[in-house]
Amino acid sequence: MLSCLLPTGNYALHLLAITSMTMVHVLGYNVIFGKGKILHFGPIAVSLASGYGTFVTLTWTGSYLLAVPIGIAMAVLLSLLFTWLSLRLEPDGLGILTIAMHQIVLTVVLNWTPVTRGALGLPQIPRMPWLQSNVALTSAVVLVATAWFFLMLLFERSTYGRQLQALAEHEWYAKALGINRPRLYLIAFLIGGIGAFITNLFYHQYLYLVHPSDFLFPVLIFYVMIIVAGKPGSTMGVALSTILLIFLREELRCLPIAASVLGPLRMMLFGIILLAAVWYRRDSLFPKKRTI
Amino acid sequence: MPLLSVSHLSLTLNAQQILKNVTFSVDQGEVVGLIGPNGSGKTTLFNVLSGFLKPTDGSIHLRDADITSVSPAQRAKLGIGRVFQNFGIFREMTLEENVLVALEALPKEQRMLLGNIKDVVKGTLDMVGLSQHAKKKAGSLSGGQMRLLEIARTLKSGKELFLLDEPTAGVSPKMTKQVAELIAELKKEGKTVLIIEHDLPFISQICDRVMVLDLGEVVLNGKPKEIKHDKKLQEIYFGADPTA
Ligand SMILES: Nc1ncnc2c1ncn2[C@@H]1O[C@H](COP(=O)(O)OP(=O)(O)OP(=O)(O)O)[C@@H](O)[C@H]1O
Ligand SMILES: [Mg+2]
């Protein structure tokens, strides 16, 4: 019989690792979706491109020296594409199209079997030499996530952070001050893209596997939920809600209730958290349309 | 050479002609009033001047540079400052951040000239007596305070040409006087101002020249004294005089 205890030992290490890895991508995505209030629902499409870019290259060449630049290039490429779309489309159109992009990239990955091995995924991913043990890998990702957290905090308080917030609140007012929207959006999407790359780089080494099921829509929904619950745009809030929600997600697996009841209960609880968070932030979630 | 020259500007939106062959120029240091009935196209003209709407026809020059197809952000960098009818203030930001974000958007060379940016922020808030609210969210200000903040911010960020869209709308009578004083200050500093207003006495008091827009056309353009008694203006504002 399982019971929920304070995590210790290897399990604690595991929680620490996945929390840190998730946090990097979510904090990056938070710059776009939270701070910039850009209706971008394609962060997992960027993950797919960057993750598969990295590990297909690694599988074929065996070299991280090649795999890493390709993973970065793929993340940048998709980020450029999303920047371009975000500058050309109205928010509703962008929202729908980015969801479609996620589906398209997923379909390509699932069907381009000679390269991606489709639903089988890419197994036996070798770890980098200095990340062989779980302790080493976890230490590395905690370090990276901490550094990334402080970087995002700096960004939030920088000129760019303020300008992005201004654009989010009222595009015309911001432009009339001389704020350059294309530049700010590019910066935001690149931060999101690099976040996706870093998370994928570690996550799939950790699992020794790249599998398409790690890139489905529930992951996107979980990210959105973390951001909404944490307060869109707030680095501190989103970091805290990442920790809290992952802990909750994992701990809820082991309540002393029959699995047939616990399963749906857990999903429902998550649904309720998302609903409550959206309701609580209903006024600040999206910029109000104001006449000029 | 005039600071701003607008020639043969037309704008058609949804098959409706909103601006018709608008031609005028504004000299450096001039304060020009823009009046006209509701829906006559005043705000739309400002939107074209600040680059948010592309004219169907005609051209806009800032000094000798053709800015007709220059982006709004670029026009701001060239020295066009806009004060919006519904307060162009970021309500979710503090007063301090509202000033800071405007200063930070300046071209690098101009920002360098400002010196210590924190001092400029403080000076701007001091100028309109809002220093004690520096850390408050701007959304908590009254209409008059927002307007003062917006004008002061535009002034301190070194803009040359001010487009003021109904600066006294939504401002309490008591603060209207303060807003008028601030606009007089712009004039003293040699700034060029285009100002939309409904209040005729207010306009004739502070403007060197007044233009009247009706159905998207400039129908009158002259000194306040000259146009004040013009029949056309009476007609537009008060309807045809039945006793005439
Ligand atoms: N984006 C747009 N699309 C279609 N029509 C528009 C658009 N913007 C403005 N109009 C129309 O243009 C006309 C002029 O509007 P505008 O806001 O410029 O008037 P205004 O002179 O500023 O009026 P007010 O004194 O009420 O502020 C109106 O008939 C308005 O409906
Ligand atoms: Mg108007």
Side-chain angles (χ1 to χ4, degrees), chain A residues 30-31 33-38 83-84 86-88 90 153-188 228 231-235 237 280-292, chain B residues 42-44 46-47 49-53 70-94 96-108 110-111 117 121 137-139 146 150 153-154 156-159 162-163 165-166 169-170 196:
Chain A
N30 177 46
V31 171
F33 181 76
K35 195 83 182 161
K37 291 197 163 74
I38 304 168
T83 309
W84 184 75
S86 69
L87 291 169
R88 255 147 205 82
E90 292 298 313
L153 216 54
L154 277 181
F155 176 85
E156 190 185 340
R157 289 162 194 189
S158 72
T159 301
Y160 290 143
R162 265 186 296 280
Q163 295 193 335
L164 198 57
Q165 188 183 342
L167 280 165
E169 199 179 316
H170 203 296
E171 197 184 308
W172 278 31
Y173 296 170
K175 284 178 173 173
L177 294 178
I179 292 173
N180 184 336
R181 189 166 84 123
R183 190 167 81 172
L184 265 299
Y185 277 25
L186 179 64
I187 293 169
V228 174
K231 186 169 189 228
S234 156
T235 303
Y280 181 65
R281 303 208 189 281
R282 63 193 179 279
D283 289 331
S284 61
L285 214 46
F286 298 110
K288 278 188 266 301
K289 276 253 187 275
R290 286 210 310 259
T291 50
I292 48 154
Chain B
K42 305 180 296 293
T43 300
T44 307
F46 271 18
N47 287 343
L49 293 180
S50 43
F52 291 110
L53 292 174
V70 167
S71 75
Q74 201 53 41
R75 289 188 206 198
K77 291 203 153 81
L78 291 172
I80 299 183
R82 168 99 180 246
V83 170
F84 288 88
Q85 190 166 352
N86 274 323
F87 312 110
I89 289 289
F90 303 107
R91 290 160 213 226
E92 293 300 314
M93 292 189 184
T94 65
E96 229 170 35
E97 287 168 332
N98 262 285
V99 179
L100 195 56
V101 81
L103 300 175
E104 286 172 337
L106 291 172
K108 208 173 245 151
Q110 232 175 310
R111 211 174 22 191
I117 208 158
V121 170
K137 281 212 174 152
M146 278 200 234
E150 194 182 1
R153 171 178 88 175
T154 315
K156 290 287 184 175
S157 48
K159 298 286 183 269
F162 285 66
L163 305 176
D165 196 346
E166 301 196 28
I196 298 178

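The figures that follow rest on heavy atoms only: side chains count, while hydrogens, waters and symmetry mates do not. Source: prediction; values computed, not measured. Naming convention: chains lettered A, B, ... in sequence-line order (proteins, then strands); numbering from 1 in each chain.
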B:A73 to A:I179 - nearest heavy-atom pair and separation: CB-O, 3.4 Å
Spacing of B:S71 atom OG and A:K175 atom NZ [to the nearest 0.5 Å]: 8.0 Å
Closest approach of A:A166 to B:V101 (non-hydrogen atoms, all atoms of both residues): CB-CG2, 4.2 Å
Gap between atom OH of A:Y173 and atom CG of B:N86 - 0.5 Å precision: 5.5 Å
All side chain to side chain contact (heavy atoms under 4.5 Å, CB included) counterparts of B:S157, not counting sequence neighbours: B:L103, B:L106, B:K159
Atom OH of A:Y160: over 12 foreign heavy atoms under 6.0 Å: no
For the student: nearest non-hydrogen atoms of B:A76 and A:A176, plus distance: CB-O, 3.2 Å
From CZ (B:R111) to OG1 (A:T159), nearest 0.5 Å: 6.5 Å
Set of residues satisfying side chain to side chain donor-acceptor pair (under 3.5 Å) with respect to A:R162, sequence neighbours excluded: B:E104
Residue pair B:F90, A:L167: steps toward the side-chain contact (heavy atoms from CB on, under 4.5 Å) verdict: CA-CA 9 Å; B:F90 303 107; A:L167 280 165; over 6 Å; no
A:E169 side-chain N/O to B:E92 backbone N/O, donor-acceptor pair under 3.5 Å: yes
Heavy-atom pairs under 4.5 Å with chain A, option from B:R75, B:Q74, B:R153 with the top count: B:R153
Mutual orientation of the aromatic rings belonging to A:H170 and B:F84 [parallel < 30°, tilted 30-60°, perpendicular > 60°]: tilted
